[in-house]
Amino acid sequence: QVQLVESGGGLVQTGASLRLSCAASGRAFSSRTMGWYRQAPGKEREVVAAISYSSANTYYADSVKGRFTIFRDNAKNTVYLQMNSLKPEDTAVYYCAASTSGSTWSPLFLGTEKSGMAYWGKGTLVTVSS
């Protein structure tokens with residue numbers, strides 16, 4: 001069993017930065033793909049970014065490329081999302097997700113039901129005011 005706890009959300013103004021953290025407990029963190037997803041009010045959940053177990057591969061949604069950076073520290077069982085140049089449309093609840101252990105890196109499926117994400121945190125709210 002894997003438990004994920006997000007932190008770092010808050011209310012910021014347009015153009016500000018935030019860093020989200022996701023602390024994982026349980027087994028095999030270093031063998032799991034990790035991802036950040038978000039869900040805005042009235043919208044479906046979407047993938048924001050993901051990182052492979054070794055950090056060799058990353059994926060970003062087009063809407064956040066160049067502004068957000070995902071990285072992980074396997075020694076600390078933590079994955080981060082650095083968010084810069086925040087926009088009001090980034091307002092959402094951000095969820096951390098972990099894949100099954102040893103899953104194959106499959107960026108094409110990250111935003112689908114075949115994402116391979118098996119564990120989810122409870123989310124942290126990010127609000128960007130204009």
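- Ring-plane geometry between Trp120 and Tyr95 is classed as perpendicular, the angle between the planes exceeding 60 degrees on a 0 to 90 degree scale with a lower cut at 30.
- Nearest heavy-atom pair across Leu4 and Tyr119 is CD1-O, 3.5 Å.
- For the pair Arg72 and Phe29, the cation-pi test (distance below 6.0 Å, angle within 45°) is passed.
- Among residues at least two apart or in separate chains, there is no disulfide bond (SG atoms under 2.5 Å apart) pair with a member in residues 99-130.
- Heavy-atom minimum distance, Asp73 versus Tyr80: CB-CE1, 4.2 Å.
- Of the possible polar contacts, none joining the Arg19 side chain to the Gln82 backbone as a donor-acceptor pair under 3.5 Å is found.
- Tracing side-chain contacts under 4.5 Å through hydrophobic residues (I, L, V, M, F, W, Y), one never reaches Tyr59 starting from Trp36; they form parts of separate clusters.
- Across every non-hydrogen atom of Leu18 and Gly8, the tightest pair is CD2-O, 3.7 Å.
- Inspection of the Ser130 and Thr14 side chains reveals no N or O donor paired with an N or O acceptor under 3.5 Å.
- When the salt bridge (charged side-chain N to carboxylate O under 4.0 Å, His left out) test is applied to Lys114, no partner is found at least two apart in sequence or on another chain.
- With hydrophobic clusters built from ILVMFWY side chains whose heavy atoms lie under 4.5 angstrom apart, Val47 does not share a cluster with Tyr94.
- For the pair Tyr37 and Leu110, the minimum side-chain heavy-atom distance is below 4.5 Å.
- Minimum interatomic distance between Thr78 and Ser21 (heavy atoms only, all atoms of both residues): CG2-CB, 4.4 Å.
- Applying the disulfide bond (SG atoms under 2.5 Å apart) test to residues at least two apart or on different chains, none of the pairs has a partner in residues 26-80.
- Two residues are said to be in side-chain contact when any heavy atoms from C-beta on lie closer than 4.5 Å; Arg38 and Val64 meet this criterion.
- Going from atom CG of Leu81 over to atom OG1 of Thr69 covers 8.0 Å, rounded to the nearest 0.5 Å.
- Considering all non-hydrogen atoms of both residues, Gly123 and Val93 come closest at CA-CG1, 3.8 Å.
- Atom CD of Glu113 has 12 or fewer heavy atoms from other residues, nucleotides or ligands within 6.0 Å.
- Closest approach of Arg32 and Ser101 over heavy atoms only: NH1-N, 3.2 Å.
- A salt bridge (Lys or Arg N to Asp or Glu O under 4.0 Å) check over residues 8-18, counting only residues at least two apart or in different chains, returns nothing.
- Note that OG of Ser30 and CG of Asn74 are 5.0 Å apart. Values are rounded to the nearest 0.5 Å.
- The backbone N or O of Ala61 sits nowhere less than 3.5 Å from a side-chain atom of Ser63 that would complete a donor-acceptor pair.
- By the 4.5 Å heavy-atom criterion applied to side chains, Leu86 and Phe68 are counted as neighbours.
- Rounding to the nearest 0.5 Å gives a distance of 7.5 Å between CE of Met34 and CE of Met117.
- For the atom pair CG (Leu125) and OG1 (Thr91), the distance works out to 8.0 Å, reported to the nearest 0.5 Å.
- Here the side chains of Glu6 and Leu20 are not in contact, with every heavy-atom distance at 4.5 Å or above.
- Within the structure, every pair that satisfies the disulfide bond (SG atoms under 2.5 Å apart) test and touches residues 93-130, not counting sequence neighbours, is listed here: Cys22-Cys96.
- Other residues, nucleotides and ligands place more than 12 heavy atoms under 6.0 Å from the CD atom of Glu46.
- Take Arg67 and apply the salt bridge (charged side-chain N to carboxylate O under 4.0 Å, His left out) test, not counting sequence neighbours, and it matches Asp90.
- In this structure, the side chain of Tyr53 does not engage the main chain of Trp105 through any donor-acceptor pair within 3.5 Å.
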